[in-house]
Amino acid sequence: MQALTKMTWVEMKLKLREPVGTFFTLVFPLLLLFLFGGIYGNDPSPFLGGRGSVDNSVPGYIAMIIGTTGMIGLPIALSVYREQGILRRFRAAPITPALVLGSQVAVNLIISLVGIASLVIAGIFVYGLVLPEAPVGAFLAVVISGLSFLSIGFVLASLTPTSTAAQAVGMALFFPMMFLSGAALPQQVLPEKLVAFSQYLPLTHVVNLLQDLWYGDGWNGTALLVLLGMMVVATAVSIRTFRWE
Amino acid sequence: MTNIIEATHLRKTYGDTVAVADVSLTVQKGEIFGIVGPNGAGKTTAVESIMGLRKPDSGTVSVLGLDPQTQAQELRQRLGIQLQEASLPDYMKVWEALDLFASFYKQTVPWEPLLAQWGLSEKRNTRFKNLSGGQKQRLFIALALLNDPEVIFLDELTTGLDPQTRRATWDVVRAIRDQGKTVILVTHFMDEAEELADRIAVIDQGKVAALDTPRVLIQGLQAGSTVRFTGRNGFDAALLKGVEGVTAVTQQAQQIIVKGDGPLLARVAAALSQHDIVPADLRVEQADLEDVFLALTGREIRS
């Protein structure tokens with residue numbers, strides 16, 4: 001336990017020393033908030049089901065933070081560790097994969113939560129963002145979605161041979177999902193066929209889960225099941241496929 | 001003597017490549033055991049199979065009475081390991097690395113004295129990527145000693161170190177042994193093995209080509225010895241040919257080279273003084289481990 005705490009703390013410091021790596025978690029969502037908030041404001045709009053643009057977008061931006069951390073940030077970080085022989089050095093000490101993976105989960109989850117908190121706080125103070133109807137539920141949804149996407153990240157890191165490949169595959173999977181799932185753009189602007197297709201994308205379920213809890217529609221059972229199922233399967237796969245070198 | 005390590009018939013292949021064909025060896029408590037051979041001979045694979053970082057295809061290993069595959073965690077608490085091609089995160093500071101690795105072990109020695117011992121005290125706040133090659137190497141050695149290990153594996157320990165640090169490192173390796181610890185020293189530097197190792201396994205093409213003390217290995221060559229000195233003008237090589245043990249006398253410019261067996265230097269010196277010849281530079285050249293390797297494999301180690 002002491003090792004896990006220490007490892008997480010050191011990893012946290014390392015992440016903050018390399019600020020480029022946390023751009024998409026900490027800075028980019030704020031840029032989107034101020035860009036679209038500046039253009040559209042947050043007045044209720046019939047096109048967005050009577051919600052303001054900021055109120056309509058923030059759950060999606062949160063999903064984006066979760067997705068980018070899990071599918072791009074984590075796989076790159078882990079495969080760089082493997083490529084450079086850092087995992088090799090760790091392995092010579094009496095530690096288990098669980099310690100390495102656990103500290104990565106902890107540090108990425110914490111940084112995601114910091115990114116989400118700064119996004120929500122900025123939204124409230126600048127645009128009068130509505131608070132979630134179910135705040136505890138929304139927090140739990142963030143954690144569940146975060147764990148689910150981080151477990152996908154571990155699978156990507158295990159199955160891609162190099163850090164360059166991890167980056168390419170992560171981006172190729174993430175960016176289309178970011179636009180189609182409603183994370184970066186409201187799905188109201190998409191044609192119906194794409195909206196229907198987006199139901200097969202994991203990130204769509206994060207957006208749905210968060211939006212429903214935010215707007216008082218309760219837990220979205222389908223989204224919750226998909227994300228939990230993904231977490232179980234991906235965790236099982238990543239434990240089997242984890243490679244130190 | 002207790003056997004700390006027992007490895008029998010280790011074999012490890014990667015696809016069609018046989019990294020380790022057949023390696024058996026035992027390491028005794030408190031010795032410096034050298035594993036030498038050229039790059040690519042299978043030294044590292046063999047040693048990493050022994051420490052449990054690789055799973056051999058066949059063969060058995062026991063280290064400190066433990067199975068490195070099934071009792072890895074328990075075993076690594078008691079091992080110190082310095083690896084080739086290992087690294088730390090670029091932005092990790094020296095003190096953070098020591099502090100972090102200390103948290104992995106049940107028992108550790110304080111790391112500040114280790115930093116001082118390895119000349120890294122002033123680098124404690126330096127990031128790993130800003131250390132020189134030698135400083136990185138010294139940090140890895142300090143990390144390997146952090147848990148006061150019973151057995152220490154040092155793989156290409158002095159690669160990247162300057163000659164002065166290299167000598168100092170040899171002293172530390174001896175000091176570690178003198179504390180009763182067992183050291184496994186993997187190296188392609190024959191002088192290092194000859195200088196430090198109590199016993200040596202010569203590995204070539206995935207097999208143990210020879211295993212003994214450096215002295216026995218060199219004597220086993222029966223290469224005899226060579227005596228050299230500068231002869232004055234008109235020196236008659238014939239007067240040494242009859243001396244007992246001398247097998248050949250050759251002359252290169254003024255250099256006289258005498259080859260033979262037995263106490264050659266004493267006999268040559270005696271013969272010369274009988275003729276009132278007292279060369280100032282009479283010296284003997286012994287075979288060394290490089291010659292052993294050459295004789296065992298028919299190749300130079302640095303080919």
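Numbers restart at 1 for each chain; the letters A, B, ... are given by sequence-line order, proteins then strands.
The local environment of CD in B:Gln107 is sparse, with at most 12 non-hydrogen atoms from other residues, nucleotides or ligands closer than 6.0 Å. At most 12 heavy atoms of other shown residues, nucleotides or ligands fall within 6.0 angstrom of atom CZ in A:Phe139. For A:Phe125, the CZ atom is loosely surrounded, since the number of other residues' heavy atoms within 6.0 Å does not exceed 12. Applying the 6.0 Å contact sphere to NZ of B:Lys207 captures no more than 12 heavy atoms from other residues, nucleotides or ligands. Remark: A:Lys13 NZ is packed, more than 12 non-hydrogen atoms of other residues, nucleotides or ligands lying under 6.0 Å away. Heavy-atom contacts from other residues, nucleotides or ligands closer than 6.0 Å to CD of B:Glu122 number 12 or fewer. The 12-atom threshold is exceeded at CD of B:Glu112, counting heavy atoms of other residues, nucleotides or ligands nearer than 6.0 Å.
When heavy atoms are compared at a cutoff of 4.5 Å, B:Lys106 does not approach chain A at all. With a 4.5 Å cut-off on non-hydrogen atoms, B:Met92 touches chain A through its backbone and its side chain both. For chain A, no part of B:Glu74 is nearby; none of its heavy atoms comes within less than 4.5 Å. Heavy-atom distances place both the backbone and the side chain of B:Leu143 under 4.5 Å from chain A. Interface residue B:Asp99: backbone and side-chain heavy atoms are both found under 4.5 Å from chain A. Only the side chain of B:Arg127 comes within contact range of chain A, with heavy atoms under 4.5 Å apart.
Here CG of B:Leu53 is found 5.0 Å from CZ of A:Arg91. Values are rounded to the nearest 0.5 Å. Atom CD of B:Glu96 sits about 9.5 Å away from atom CH2 of A:Trp9, to the nearest 0.5 Å. A:Gln84 contributes atom CD, which lies 10.0 Å from atom CG of B:Leu88 (distance to the nearest 0.5 angstrom).
Of the residues considered (B:Ala72, B:Ser87, B:Ser103, B:Gly80), B:Ser87 shows the highest number of contacts with chain A, using heavy-atom pairs under 4.5 Å.
The two residues A:Ala93 and B:Arg76 come nearest to each other via the heavy atoms O-CD, 3.8 Å. Listed here is the closest heavy atom pair of B:Leu83 and A:Ala92: CD1-CB, 3.9 Å.
Remark: side-chain polar atoms of A:Arg17 are paired, donor with acceptor, to backbone N or O of B:Tyr91 under 3.5 angstrom. Between the side chain of A:Arg88 and the main chain of B:Gln84, a donor-acceptor pair closer than 3.5 Å is present. At least one donor-acceptor pair closer than 3.5 Å links the side chain of B:Gln73 to the backbone N or O of A:Ile95.
Counting only heavy atoms from C-beta outward, the side chains of A:Lys6 and B:Phe104 never approach each other to under 4.5 Å. Between B:Gln82 and A:Arg89, the closest side-chain pair of non-hydrogen atoms is not below 4.5 Å.
Note: A:Phe90 and B:Phe101 have parallel aromatic rings, judged against thresholds of 30 and 60 degrees for the angle between ring planes.
Residues of residues 96-122 of chain A that come closer than 4.5 Å to chain B, counting heavy atoms only, are A:Thr96, A:Leu99, ordered by residue number.
The ring pair (Phe, Tyr, Trp, His ring centres under 6.0 Å) check on A:Phe174 picks up nothing, with sequence neighbours excluded.
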